[in-house]
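None of the values given here were measured: they were computed from a predicted structure.
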Amino acid sequence: MNSLWLSHFTATSSIGRGLGQTLAALHQRRAGLTPCAFDTVDLETFIGEVAGVDEVQLPAHLADYDCRNNRLALLGLMQDGFADAVHAAIAKYGAQRIGVFLGTSTSGILQTELAYRHRDATTGAFPADFIYGTTHNTFSVADFTRHYFGLSGPAVVVSSACSSSAKVFASARRMMAAGLIDAALVGGVDSLCLTTLYGFNSLGLISEQACRPFDAQRNGISIGEAAAFALLERTPEYLDADAVLLLGTGESSDAYHMSSPHPEGLGARMAMQDALKMAGLKPADIDYINLHGTATQSNDAAEGKAVTAIFGAGTLCSSTKGATGHTLGAAGGVEAVICALALQHGLLPAGLNTRQLDPTLDLDYLLENREQPVKHVLSNSFGFGGTNCSLIFGRADNS
């Protein structure tokens, strides 16, 4: 199975709901990062918050799944006719032949944080309406999604930190290649919570300003939230020229350190090389790289070295986290959608907030948008513990 077709895709983040708003924000170089005013958080930092999540109402029969993460998931599923596309796929393949593969990092942990505030003063018991299994539980978002659509095929959640919703593309591809399913709903959802904000702050990784990937003075991440989804199907004989295909996936686990990457980007190199090999492409065939680019000193340095080792200094690249923030377990899905938009619209998005590129890194980094034909793109997602994933997408007329 050489390629898979992204027959439908959508993303909702701080820069917009759905493809139209997302594309407009990229064209206009508009960031979604604002000073943090989330819940009770008292940190001087910027976040990428999605407006209106708390107003989303889950269907009555799925009320037990109510939490910020699943509300954000539903908000994302409602965009760009994506839910209609899933229903059409069910009619075509059957509910049992469609898999659900979603990535998340913290899942519905905010619901547990809220429950802790309302524990019984005497016994310490959680409030009666707190249901761990359908909210905080990592599998919750996939279980909610499969019940929302009435799907009965395999359902999997990948929680490998910031590579989570890139790795789901590889998981779905393997299951389709095995003949167990005919289509897959893939993507990722991660929502804001106190654990990640204070946790990254305790590691000294939170920036006091909007993050500046690959800037000489970069000093940390800006946490965001997002929901992104794609429907993967086998590639039909005839497709529109601008249809988007998944051509290659590469995964590695270098396990160098719990929270720091290998200083030479060893695992990142392995993931990119494996993705190129699967896609049958050479480094020179890649027109644009959407970098993981978190804006921490060590992560950007390691990724920069890995990219240069494979691609040299001439491949256009940028990190879009200066626009969306780092959406953690949803980052791979969001950036896959941004890559799909780049392929369809010939837009290579600039890295926002970056003023002076780190002179120690030899990258052809985009400080301004570039509009040109794009044939093949690569998207990187690297997580804590050395879990790495690279994806390659291409246009149907060039694959």
Return the set of residues passing side chain to side chain donor-acceptor pair (under 3.5 Å) with Thr134 (not counting sequence neighbours), or none when no residue passes. none

For residues 10-29, which residue pairs pass the ring pair (Phe, Tyr, Trp, His ring centres under 6.0 Å) check, not counting sequence neighbours? none

For Ser7, side-chain contact (heavy atoms from CB on, under 4.5 Å) partners two or more places apart: Trp5, Leu231, Glu233

In the hydrophobic clustering (ILVMFWY, side-chain contacts below 4.5 Å, transitive), which residues join Tyr132, or is it alone? Tyr116, Phe126, Phe130

Only pairs at least two apart or in different chains count here, so list each ring pair (Phe, Tyr, Trp, His ring centres under 6.0 Å) that has a residue in residues 276-309. His292-His326, His292-Phe382

Please identify each residue that fulfils side chain to side chain donor-acceptor pair (under 3.5 Å) with Asp254, with sequence neighbours left out. Asn388

So Thr12 and Gln21, do their side chains get closer than 4.5 Å, heavy atoms only? no

Under 30°, 30 to 60°, or over 60°: which ring-plane class applies to Tyr65 and His147, parallel, tilted or perpendicular? tilted

Apply side chain to side chain donor-acceptor pair (under 3.5 Å) to Ser202 and list each qualifying residue two or more places apart in sequence or on a separate chain. none

Please table the atom pairs, donor to acceptor, closer than 3.5 Å between any side-chain atom in residues 330-342 and protein atoms at least two apart or in another chain.
unit_1: Glu335; atom_1: OE1; unit_2: Lys321; atom_2: NZ; d: 3.2
unit_1: Glu335; atom_1: OE2; unit_2: Lys321; atom_2: NZ; d: 2.8

Show the atom names and distances, to 0.1 Å, of all donor-acceptor pairs under 3.5 Å that link a side chain in residues 269-285 to residues at least two apart or in another chain.
unit_1: Arg269; atom_1: NH1; unit_2: Glu264; atom_2: O; d: 2.9
unit_1: Asp285; atom_1: OD2; unit_2: Lys282; atom_2: N; d: 2.8

Any side-chain heavy atom of Leu102 within less than 4.5 Å of one from Val100? yes

Looking only at the aromatic ring of each residue, does the gap between the centers of Phe82 and Phe149 stay below 6.0 angstrom? no

SB check Asp39 Arg117 (cutoff 4.0 Å): yes

Atom of Asp364, atom of Ala313 and distance for their closest heavy-atom approach: CB-O, 3.3 Å

Heavy-atom closest pair (Thr296 atom, Arg218 atom, distance to 0.1 Å) is O-NE, 3.1 Å

Students should find that the hydrophobic cluster of Phe46, defined by side-chain heavy atoms under 4.5 Å apart, otherwise consists of Leu33

Any pair counted as side-chain hydrogen bond (donor to acceptor under 3.5 Å, both in side chains), so long as it reaches residues 301-314, sequence neighbours left out: Glu303-Asn380

What side-chain hydrogen bond (donor to acceptor under 3.5 Å, both in side chains) pairs are there with at least one residue in residues 70-85, not counting sequence neighbours? Thr10-Asp80, Asp54-Arg71, Asp66-Arg71, Asn70-Ser140

